[in-house]
Q: 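I have a structure here, written as structure tokens, and I will follow up with some questions on it.
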Amino acid sequence: MKTNLKAVLTGTHTLSGNEACIEGAFAAGCLFLAAYPIMPAIETIERYLKRSAEVGATFIQMEDEISALAAVIGASWTGKKSMTATSGPGFSNMMEHLGLGVMLETPCVIIDVQRTGPSLGIPNRAGQADMMQARWGSHGDYEVITLAPGSPQEMFDFTIKAFNFSEKYRTPVIVISDEYIAHKKEKVVIPPADGIKITPRRYFKGQKDKYLPFKRDKDFVPRMVDIGDGFKFHVTGLTHDDKGYPIMLEECQEYNVHPILWKIRNHVDEIVEFQETGTVDAEIVIVYYGATSEAAIKAMKQAKDMGIKVGGLKLDVVWPFPDKKIAELAEKVKAFVVPEINYGQIVSEVERCSYGNANVIFVSHGEKGINNTDDIVSAIKLALKEKERKKGIIEYRSQAGSS
Amino acid sequence: MRYWEVPFGKEKPKTPIGEIHILKERCKGCGFCVEYCPKDVLEMSDEFNSKGYHPPKIVNGEACVNCGLCETICPEFSIWCTLKEEVALEN
Amino acid sequence: MEPLKMIEKDIQPMDVHPMNDILRMDRLPHIWCPGCGIGTAVTAFAAGLDKANIDLKKTCIVSGIGCTGRVAGYIKLDSFHTTHGRGIAFATGIKVANPDLKVIVFSGDGDLISIGGNHFIHAARRNVNMLVICINNFIYAMTGGQVAPTTPLAAYATTSPFGCVEPPFNIPYLADSSGAVYVARWTALHVRRLTNSIAEALNKPGFSVIEVISPCAMYYSRINRLGDGLDMMKFYHDNSEIRHGEDTKNLDIGFQTKIIVGKFVDRERPTYMDSYNKWLSGTKKAEK
């Protein structure tokens, strides 16, 4: 694949998370965006439009989020890397086509800039309450890859990664950021175009009459073709066989859905990424992701200064969840401290994966909307005090609202 | 047609004669082709296909002029006609 | 776990139908009931494709759900069977991403006008270059005969046991007022005119809508005691009137009233891609 040099703004920039995300998309070769304006994801669309003419990318503002993701899936079948950007309420709308994207095995990227909820919530306040929706929001059995960047630089890097994952596994990939990262301006270093690793689309190379849209390789990932190449394929959201024809049989349901799940489950070790800091001899491990990273890293430093053996585990890829890593750490450490900007989502996964071997302390976000460093430090102290193994999640309520 | 209106050397108009093909197994016996055949070539038969429907049968095959209406109106893609021959008009 | 073996139907193409190249003969017989008009519309569509003289390689068809949603699966083009009402949105994505393609949306009234109504009017407003064929059978047929947004007043359905109380949509009027460039209505009986209309609309740039009134023998006719598919066809024969260029306001369909058919709108408007490219070239000039 030829890299469009204009698409990669090599150099050092000061960009907000939303802007960095679009730069990442262009660097990954994204050529189509369909979206519906929503706070706080709007800067992505604006940035895209600003740059689309010079990059040669296409944009359409659809009438709602449902049609935005539908258009993205349609566009992806024409051979263009496609994406959409939205926030909580729009993300709820998109659940319908997240399922379609999984069933049609269409590579595409969804940027979810989280705000609070339920329903409209506060449009301009960060939240992390869509984490479970990203995993379980659409009906039926599916697996999804979700990346959670924690800074504008990661926003850039993870968007490229998201496109690579989506092409490699032929599945929709979600980049789940939040209002805090989206609007935070920071230094973003964009490497030269040849230094960016891009996974090209995995096309079918063979005779036209032998093409089966869902014929799988050993890795369960079928090969794609574009509309207009003359393959005359059929794909459907119904349970289908290799030809893409709907078949309403129980065994076909199994035949169809099993590889969709296992093409991701078999590659969990390749997909899952995390950043460990000082977990080797840690007593307490802070598990964090996204916007809480900053507070968690600060708290880690403070606790270390106090002489507490504390480590950190930043989840880069939230879904699939790093079950093995958490289970491995749970046997060594005393407790996990999980700060989140919600009332407990990923913490329940941590609790599930610790199999009762370690205490799990959840730090809620308090009044200020984002996790407080002092709260996390206090939670660490609480974890040290706790001598017994407690069942379930121990909730640490924020004492003060300031940071 | 009056002969002086016909340009010299022009071929005489011909009547196409069609041949009807019926896939009885695909038929669901809706009767559209029987009802709307302009030459009344078809009729519902008494026999059953394996699905239990009565497919049409050809009763007046010579009358078919290969108009193709049965082919287009058939919802089951089970009937079509092909051109058999073209016969010059008499007179 | 190893995947199961591929499940294939044991249906062999029995003979060579003239539309063998356009239809997926390995999938026949289709799922539609005896006396249903969708098959007729599909045949007319296949004939229209043939007549329109377009590159079938560069043509794709998108369907929503329901009885008519299955059409895409029977037509040998790049075909997509998508979710409820989103056929037009999906097709918009395809068309905008690759303007060289010819895009056809073939779906039903419930799919396009009810759940996909928003996408329908917005695609018409934008004038995205596509052909929308809307089969109108006045009812939700696949779910078992519920009220549709096109069910005429006083007609019975399983969810209107005392007669439909909601006024129906007039699809040509909706399309016309939203900005479609080509609007026609035919019944499943008018196969020749429908074929010609499809061929004409396929070569027309812009958002074209063809409504096809189609008998639903199993639900609409049965619940309303209107006989079978053939009786409905006879009704169309006696009660449809061709009025080309008729004002789309006058095209309401009542319960068993006269059906006005014909080509109502045929006009020129810049398509979405025209306007988009104009904007794009303007931006590029400004940069220089």
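Chain naming here is simple, since letters A, B, ... match the order of the sequence lines and numbering starts at 1 in each. Below, all heavy atoms of this structure are taken into account, side chains as well, without hydrogens, waters or symmetry copies. Small disclaimer: the values here were computed from a predicted structure and weren't measured.
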Q: Between atom NZ of C:Lys102 and atom CG of C:Leu202, what is the distance when rounded to the nearest 0.5 Å?
A: 6.5 Å
Q: Apply side-chain hydrogen bond (donor to acceptor under 3.5 Å, both in side chains) to C:Tyr74 and C:Ser79, showing your working.
A: CA-CA 9 Å; C:Tyr74 298 115; C:Ser79 49; over 6 Å; no
Q: So how far is it from C:Asn137 CG to C:Met232 CE, rounded to the nearest 0.5 Å?
A: 9.0 Å
Q: Report, as yes or no, whether the 6.0 Å neighbourhood of atom OH on C:Tyr236 holds more than 12 heavy atoms from other residues, nucleotides or ligands.
A: yes
Q: Rounded to the nearest 0.5 Å, what separates atom OG in C:Ser63 from atom CD1 in C:Ile75?
A: 7.5 Å
Q: Does any heavy atom of chain C fall under 4.5 Å from the side chain of B:Leu69, the backbone, both, or neither of them?
A: both
Q: Enumerate by number any residue of residues 31-44 of chain C whose heavy atoms lie under 4.5 Å from heavy atoms of chain B; in the absence of such residues, state 'none'.
A: C:Ile31, C:Trp32, C:Cys33, C:Pro34, C:Gly35, C:Cys36, C:Gly39, C:Thr40, C:Val42, C:Thr43, C:Ala44
Q: Between C:Pro18, C:Ala47, C:Ala188, which has the largest tally of heavy atom pairs under 4.5 Å with chain B?
A: C:Pro18
Q: Counting a contact as any heavy-atom pair under 4.5 Å apart, which residues of residues 52-64 of chain B contact chain C?
A: B:Tyr53
Q: Which heavy atom in C:Ile139 sits nearest to a heavy atom in C:Asp109, and how many Å separate them?
A: N-OD2, 3.8 Å
Q: Indicate yes or no: does B:Lys84 engage B:Glu19 in a salt bridge with an N to O separation below 4.0 Å.
A: no
Q: Counting only non-hydrogen atoms closer than 4.5 Å, does C:Met233 touch chain B with its backbone (N, CA, C, O), its side chain (CB onward), both, or neither?
A: both
Q: Tell me the closest heavy-atom pair linking C:Tyr182 and C:Ser197, and the distance in Å.
A: OH-OG, 2.9 Å
Q: Check C:Ser114 against C:Pro149 and note the closest heavy-atom contact, atom names and distance.
A: CB-CG, 3.4 Å
Q: Under a 4.5 Å heavy-atom cut-off, does chain C meet the side chain of B:Cys67, its backbone, both or neither?
A: both
Q: Which of these, C:Val261, C:Ile242, C:Thr187, C:Ile198, sits in a side-chain contact (heavy atoms from CB on, under 4.5 Å) with C:Arg193?
A: C:Ile242
Q: Which word best sums up how the rings of C:Tyr220 and C:Phe138 line up, parallel for under 30°, tilted for 30 to 60°, or perpendicular for over 60°?
A: tilted
